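Here is how names work: the chains are called A, B, and so on, in the same order as the sequence lines, proteins then strands, and each is numbered from 1. Note that the structure is a prediction, hence the values are computed from the model and not measured.
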Amino acid sequence: MASVTAAEAAAAEWEEAARKVLVARKPCFGLPTACPTCLPVYVYLRMAQVPFDIDVDTSFPDADHIPYVEFGDCVAFNNEKGGVIEYLKEDKILNLNSKHPSASSPDVLSTKAMVSTWLADALQYELWVVSDGSIAHDIYFSDLSWPIGKILHWKKARDVKQLLGITKLNAAEREEEIYQRASAAYDALSLRLGDQTYLFDNSPTDVDALFLGHALFVLNALPDTSVLRGTLQKHDNLVNFAEHHKAQLLESSSSGLGSSSDPSMSSNPRKKASAGRSYKPKPRAKKERTEEEKTFRRRAKYFLATQLVAVLVFLSLLGGVDSSELEDDDGIDYED
Amino acid sequence: MASAADPAADQNPRDAEPRKPTNEVEAEAEVAEEEYEEDDYEEEDEEDEQLDGPAASAAEQEKIRAVFQRLSSEQVGIRVHDVVIKGNSKTRDELIEAEVLDLLRAAPTVQDLLRAASVATARLRQLDVFDAVKITLDAGPPELPGTTNVVIEVVEAANPVTGTAGVYSKPEARSWSLEGSLKFKNLFGYGDIWDASGAYGWDQTTEVGVGVSLPRFKSIPTPLMAWASLSSQDWLKFSSYKERLLGLSFGLLSTVNHDLSYNLTWRMLTDPSRAASTSIRRQLGHNLLSALKYTYKIDERDSYLRPTKGYAFQSSSQVGGLWDSKGLKFFRQEFDVRGAVPLGFFNSALNVGLGAGVILPLAKGFMNSSSPVPDRFYLGGHSSPVCSLSGLSSLLGFRTRGIGPTESRRLIPSESDGDSSAAPGRDYLGGDLAVSAFADLSFDLPLKLFRDAGIHGHAFLTAGNLVKLSEGEYKKFSFPEFRSTFRSTAGVGIILPTKLFRVEAASSVALPALPPVAAWCRSVIHSGRKAEGPKRKPNHNKRSRKAGNGDRSRTICLAVPQRDDEENHIDHA
């Protein structure tokens, strides 16, 4: 009786699965999936040359578990075991890194940490805090009814601000810090990449997938006025890296696997961003305006409170007046 | 009650001799009004006139007798001159007038007027904002013979706030819940009742809501209701999802037979256990349900707890997708018919019932789209189909949601020795087309002791089936197969109605085509109190609670393993 570890059972299930399905958010901006969390997984699977189908999820923009990969009866969720890529690596199902043992592990790990924290933070900041919301709306909320979309968007923006530690007082400083870190990360990556095809020894790793996902989003989805995009475009080799792999991985997908979306989901075809892609970076003069705004708001609150009190007083008086009227039309009093 | 006008009223008709007979009759009627007494009316007494002696009182008696005779033998014409409302310090006159004015003014004779007055009293009491209502008929002004003034005296509720709390159980969720509600009556004088309520269930099912109901609003004659609620329901054990609803519900039309309501609900389906099957996983997320629901109900049965005669019919239609093109779009229709026939011996009665329902997605390409999971039909559970009118959810003998297509849950690869591995559970997916039927024979038990206590027995036969039609499955649908896969159970039981509950102990056995699997014993307790509809959606049922009628049988299940629909596991690839 051979005992089977969980990882081996998972690997066996992966092998047996007739069909592997990646469930991700909808395509947009010329990308197969426009969500920055789903894109690295997509790229990783394409790099590993695994045939898979894509199903689009349109109704759960704030889900932690998306993207996920279904194979047979098993599922690898985004919020389990560190994510889909980590899960596939750990269970030895799909480990790109195993192909080149010469890559020094600390390097890979630290680069991965840098990409997953500094660059990811900068991207989230631009997408949820700086942007006017049209990009996020196109990706996440375009298939939800308007009130739900608005509320979820507001919630997510607030969560991102909390996560990044941005408050009204330190907004400008945090922004500077975030952009500085992103810039430093780009510099380091550019140095690391040099003229190679991949970041580490011309062999794909999961860091390539992560960075590629990030870069594709920044270059295609963010508008031209984006600070992050401008910083990235300063490094030609990084831009070429992104373009080259985009052409290789994403274009071939349209000829090979095709993205068959579930007919029950509303799958929009790849489309460019909607017309209203305006991007208004918050003005630095926000601090000076704050005082005026505060006064204005205070006064507005007083005004509204007064109105409310007046309405209540009016209603109570009116109610009192009505009750004091007597109905006695014919004047005949029948009471003793 | 002395009144200056009264002697004048009396004397006028008497003195005026050249009177036509009708006038005299009217005059007599006028006098009669003042002395006529009936049930909960109080007529004003004739004044103590200064008549001399017993002769006058004898004449008076004679007059009264004549009037009674006249009233009982022929119609006595009358006209309502004025309606006087007293005692309403907060309530608007328009509200009371709108309820009863037309009724009273339309009465042509005294008898009709008295009947109308009794109906008017009942209507005003039904508003639920008055402690007491009294309608008095007074003599009209002296210069207008044959008229009467109607005086409506109301006593407004001294304490506008009432609260209730109780412990109930929901048939579908198999759990107890603690519910409390606060009612504020007549805050603005329009007969408005504000209701704030909260319910907490033992399986983390919670609901809080606030609402208002208006008996009438301007010219709309039927009561209006608005209800906002936040509720959550846990179906993890059966279908691997949790449902959270934030909704607004408006009751637009509510009469005895008709009910129209509009619901706007934000529905969130999540799966914290991360173990759902593929179809359920695809349905998780946010949805806006904007639906109009119309219910038509007739219930002519003689009793709610143990109907022996009569019939009932309910049809419920729901159209979703009215807000915008992105919300849930479907059409759902349910029919329910019940009949009861008394059989004569042992006070027995045969109750039969048939229910059918279908849900169709309405979006473009609806042939291939899927229906929303929470709106599908689920059969199984232990609410009594005899009492409740929404029978398409219960099928005695099967566990909640136990019938219909299922799908295997997520497989989590784990360490295993050899080939023994724990199979993941199965999710019940519900069906798009559901049919269920039952026949129930209730009879008194032979012992007099039992008969006196109201304990009776019943034998039942239930059958039902669910099938999926959406996502192209309707092409594979065939009636013979549908008929052959019907699940049915038969059983007997004893019902003990106690003061608070209706306890039932029943034993049932499945009747499949295959050899019987097992006979399980169950105890089922039905609470037979004034009930409400099944509490799945907070909107419609809040209204039933206010109306005081409804058909939710509160069911508490004690014990016991129940049957699962093992033979009907259909995998969905």
Derivation and outcome, side chain to side chain donor-acceptor pair (under 3.5 Å), residues Asp62(A) and His286(B)
CA-CA 9 Å; Asp62(A) 56 338; His286(B) 300 263; 2.8 Å; yes
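One finds a salt bridge joining Glu70(A) and Arg281(B) here, because a Lys/Arg side-chain nitrogen approaches an Asp/Glu carboxylate oxygen to under 4.0 Å. A salt bridge is absent between Asp73(A) and Arg409(B): the closest approach of a Lys/Arg side-chain nitrogen to an acidic carboxylate oxygen does not fall below 4.0 angstrom.
Looking at Ala10(A), both its backbone and its side chain come within 4.5 Å of chain B, counting heavy atoms on both sides. Looking at Leu269(B), the atoms closer than 4.5 Å to chain A (heavy atoms on both sides) all sit in the backbone: N, CA, C or O.
Rounding to the nearest 0.5 Å places CG of Leu288(B) at 11.0 Å from CH2 of Trp146(A). In this structure, the separation between CH2 on Trp266(B) and CD1 on Ile151(A) is 4.5 Å, given to the nearest 0.5 Å. Note: Arg282(B) CZ to Asp55(A) CG = 4.5 Å, rounded to the nearest 0.5 Å. A distance of 8.5 Å separates CG of Leu284(B) from CG of Asp57(A), quoted to the nearest 0.5 Å. Rounding to the nearest 0.5 Å gives a distance of 6.0 Å between CG of Asn287(B) and OG of Ser59(A).
Heavy atoms only, all atoms of each residue included: Trp323(B) and Pro147(A) are closest at NE1-CD, 3.7 Å.
Checked against side chain to side chain contact (heavy atoms under 4.5 Å, CB included), Val160(A) has the following partners two or more places apart in sequence or in another chain: Gln124(A), Trp128(A), Val129(A), Lys156(A), Leu164(A).
The stretch residues 75-83 of chain A places Val75(A), Phe77(A), Asn79(A), Glu80(A) near chain B, each with some heavy atom under 4.5 Å from a heavy atom of that chain.
Side-chain contact between Leu411(B) and Glu13(A) is present, with heavy atoms from C-beta onward closer than 4.5 Å.
Enclosure of atom CD in Gln49(A) is not indicated, since only 12 or fewer non-hydrogen atoms of other residues, nucleotides or ligands lie within 6.0 angstrom. Counting non-hydrogen atoms of other residues, nucleotides and ligands closer than 6.0 Å to CZ of Arg105(B) gives a total above 12.
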